[in-house]
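Below, chains carry the letters A, B, ... as their sequence lines are ordered, and counting in each starts from 1. Everything numeric in this text was worked out from a predicted model, so none of it was measured.
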Number of protein chains: 2
Amino acid sequence: MARRDEPPATTASPDAGAPHVRSDPVYVVKARLFRVLGHPVRIRILELLSEGERTVGDLQAELQVDSSGTSQHLATLRQQGVVESRRAGTSVYYRVRDPRVSQLLAVAKQILTSALSESHALLDELAEETPARSRRR
Amino acid sequence: MARRDEPPATTASPDAGAPHVRSDPVYVVKARLFRVLGHPVRIRILELLSEGERTVGDLQAELQVDSSGTSQHLATLRQQGVVESRRAGTSVYYRVRDPRVSQLLAVAKQILTSALSESHALLDELAEETPARSRRR
DNA sequence: TCTGAACTTTAGTGACTTCGAATATTTGGA
DNA sequence: TCCAAATATTCGAAGTCACTAAAGTTCAGA
């Protein structure tokens with residue numbers, strides 16, 4: 001392949017808190033955002049953070065994921081600018097940067113919910129039509 | 001790794017038009033949806049389809065992607081139940097299954113837009129504070 | 001200053017994706 | 001029936017991603 005060809009291109013701070021956006025076509029940036037959301041653990045992290053700030057340790061405990069894994073997923077979210085952190089003593093608090101991220105999760109849920117109920121309805125319909133026997137009369 | 005460990009588990013039709021959902025935790029299904037959206041070409045396909053039905057050939061031409069690639073991405077979207085198709089002669093028309101998908105794209109755009117303007121504002125601020133010389137007196 | 005706690009980063013290794021090319025399939029018409 | 005057009009599917013190479021394990025950092029308190 002030759003995916004994600006990033007020419008020596010534009011400048012970018014190592015990670016100044018600003019999202020990793022630089023000058024790529026919009027659809028590439030959008031895809032990057034979605035891709036970052038495309039992992040179960042990161043979805044759960046965002047759901048938890050939607051309720052409020054949490055430390056890495058808190059997340060770690062709730063997710064049942066070890067320190068390393070938690071940090072790595074947080075780093076991925078951070079690099080894309082989805083979450084941001086603040087240090088307090090030895091612990092680090094994370095929070096969602098843009099509340100609309102929760103909206104994204106909510107819409108996804110709606111989509112999946114209705115898809116699910118549709119296939120459910122389909123199943124019921126099939127059961128109605130092909131009951132093999134035991135059909136009311 | 002050991003990603004996506006799917007035990008011989010639940011039944012699933014080869015691809016009965018119903019989204020690939022089976023019995024997985026919600027966050028896994030959600031992640032799957034986002035992951036499918038996590039590719040530039042698929043984002044563009046969805047943007048085009050948001051405007052209305054299109055044949056594979058139409059998409060192919062607008063995306064500048066060859067037949068094979070277009071089909072593969074469409075297949076990915078189809079498997080997840082994001083789009084559905086209808087055949088008319090030798091060509092196949094695709095359409096978005098749930099209009100809320102467009103909403104997903106719109107929210108993503110908003111998030112990215114404001115993130116971008118934030119970092120823009122930050123840059124301006126820096127330019128204000130560190131003009132080296134030429135600062136208005 | 002030394003320690004421990006809380007995190008982060010790095011490195012190695014499979015698993016999964018994507019791509020391009022080649023090979024099917026399906027359908028309408030000659 | 002045979003062909004051509006429009007799509008799909010398959011396959012192998014090249015990449016990317018995520019997981020585990022093993023170091024690093026940073027900070028507070030003894």
Side-chain angles (χ1 to χ4, degrees), chain A residues 1-6 14-15 17 20 27-28 31-45 49 53-80 83-95, chain B residues 1-7 14-15 17 20 24 27-28 31-45 49 53-80 83-95:
Chain A
M1 196 193 161
R3 258 186 304 177
R4 181 170 301 189
D5 40 292
E6 309 194 89
D15 187 344
H20 169 194
Y27 51 86
V28 171
R32 202 139 56 203
L33 173 57
F34 284 123
R35 182 167 291 209
V36 160
L37 301 185
H39 189 290
V41 171
R42 292 195 291 264
I43 290 290
R44 293 185 64 195
I45 287 179
L49 293 184
E53 258 193 351
R54 272 185 176 63
T55 67
V56 177
D58 292 342
L59 292 171
Q60 207 182 127
E62 307 197 67
L63 298 170
Q64 301 271 71
V65 171
D66 67 77
S67 159
S68 176
T70 307
S71 261
Q72 287 180 62
H73 286 300
L74 285 169
T76 301
L77 290 167
R78 195 160 15 91
Q79 281 166 39
Q80 186 52 227
V83 302
E84 56 190 358
S85 59
R86 135 183 108 76
R87 177 154 220 144
T90 57
S91 48
V92 176
Y93 284 85
Y94 275 86
R95 60 173 169 285
Chain B
M1 201 194 154
R3 261 188 300 178
R4 181 172 303 192
D5 39 290
E6 307 193 86
D15 187 345
H20 169 194
D24 282 314
Y27 51 84
V28 171
R32 202 139 55 203
L33 172 58
F34 284 123
R35 182 170 291 206
V36 160
L37 300 185
H39 188 291
V41 170
R42 293 195 291 265
I43 290 290
R44 293 186 63 196
I45 288 179
L49 293 184
E53 258 193 351
R54 272 186 175 62
T55 68
V56 178
D58 292 343
L59 292 171
Q60 206 181 126
E62 307 195 68
L63 299 170
Q64 300 271 71
V65 171
D66 67 75
S67 158
S68 176
T70 307
S71 261
Q72 288 182 72
H73 287 299
L74 285 170
T76 301
L77 290 167
R78 197 161 13 93
Q79 279 166 38
Q80 187 50 229
V83 303
E84 57 189 357
S85 58
R86 137 182 106 77
R87 177 152 220 144
T90 57
S91 47
V92 176
Y93 284 85
Y94 275 85
R95 60 173 169 285

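- Using a 3.5 Å distance cut-off with no hydrogens or angles, the side chains of A:S68 and A:Q72 do pair a donor with an acceptor.
- At the heavy-atom level, A:T70 lies nowhere under 4.0 Å from the strands shown.
- Residue-level contact check: B:G69 touches neither bases nor backbone, having no heavy atom under 4.0 Å from any strand.
- Of the side-chain N and O atoms in B:Y94, none sit less than 4.0 angstrom from OP1 or OP2 of D:dA6.
- When heavy atoms are screened at a 4.0 angstrom cut-off, B:S91 is found touching the sugar-phosphate backbone but no base atom.
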Quiz item: What string of B, S and - do you get for nucleotides 22-28 of chain D 5' to 3' if you count protein non-hydrogen atoms under 4.0 Å?
Solution: B----BS
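- Distance B:L77 CG to D:dT7 C1': 16 Å, rounded to the nearest Å.
- For D:dT20, the base has a donor-acceptor partner in the side chain of A:Q72 [N/O atoms by modelled type, under 3.5 angstrom].
- Close to C:dT18, at under 4.0 Å from its OP1 or OP2, lies a side-chain N or O of A:R35.
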Exercise. Under the side chain to side chain contact (heavy atoms under 4.5 Å, CB included) rule, what do B:R32 and B:D24 come out as? Steps first, then yes or no, please.
Key: CA-CA 10 Å; B:R32 202 139 55 203; B:D24 282 314; 3.0 Å; yes
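- Nearest heavy-atom pair, B:P40 versus A:A31, reported as atom, atom and distance to 0.1 Å: N-CB, 3.4 Å.
- Rounded to the nearest 0.5 angstrom, A:E53 CD and A:Y93 OH are separated by 7.0 Å.
- Side-chain N/O atoms of B:H73 include none lying less than 4.0 angstrom from OP1 or OP2 on C:dT17.
- Between A:V41 and B:Q60, the one whose closest nucleotide on DNA chain D sits nearer the 5' end is B:Q60.
- Residue A:S71 has its side chain nearest to C:dT9 when only C:dT9, D:dA8, C:dA6 are considered.
- Under the 4.5 Å side-chain criterion, counting only non-hydrogen atoms from C-beta, A:R95 is in contact with A:R86.
- Put simply, the side chain of B:L59 reaches to within 4.5 Å of the side chain of B:L74, judged on heavy atoms.
- Atoms CD and CZ, from B:Q60 and B:R54 in turn, are 14.0 Å apart once rounded to the nearest 0.5 Å.
- No engagement by A:Y93 is indicated, since no non-hydrogen atom pair under 4.0 Å with the nucleic acid exists.
- Among C:dT9, D:dA8, D:dA18, the nucleotide with an atom closest to any side-chain atom of A:H39 is D:dA18.
- The bend of the helix from C:dT1-D:dA30 to C:dA30-D:dT1, defined by the angle between the axes of its first five and last five pairs, stands at 10° to the nearest 10°.
- Ring orientation note: the planes of A:H73 and A:H39 are tilted relative to one another, at an angle of 30° to 60°.
- Going from atom CG of A:D58 over to atom C1' of C:dA5 covers 14 Å, rounded to whole Å.
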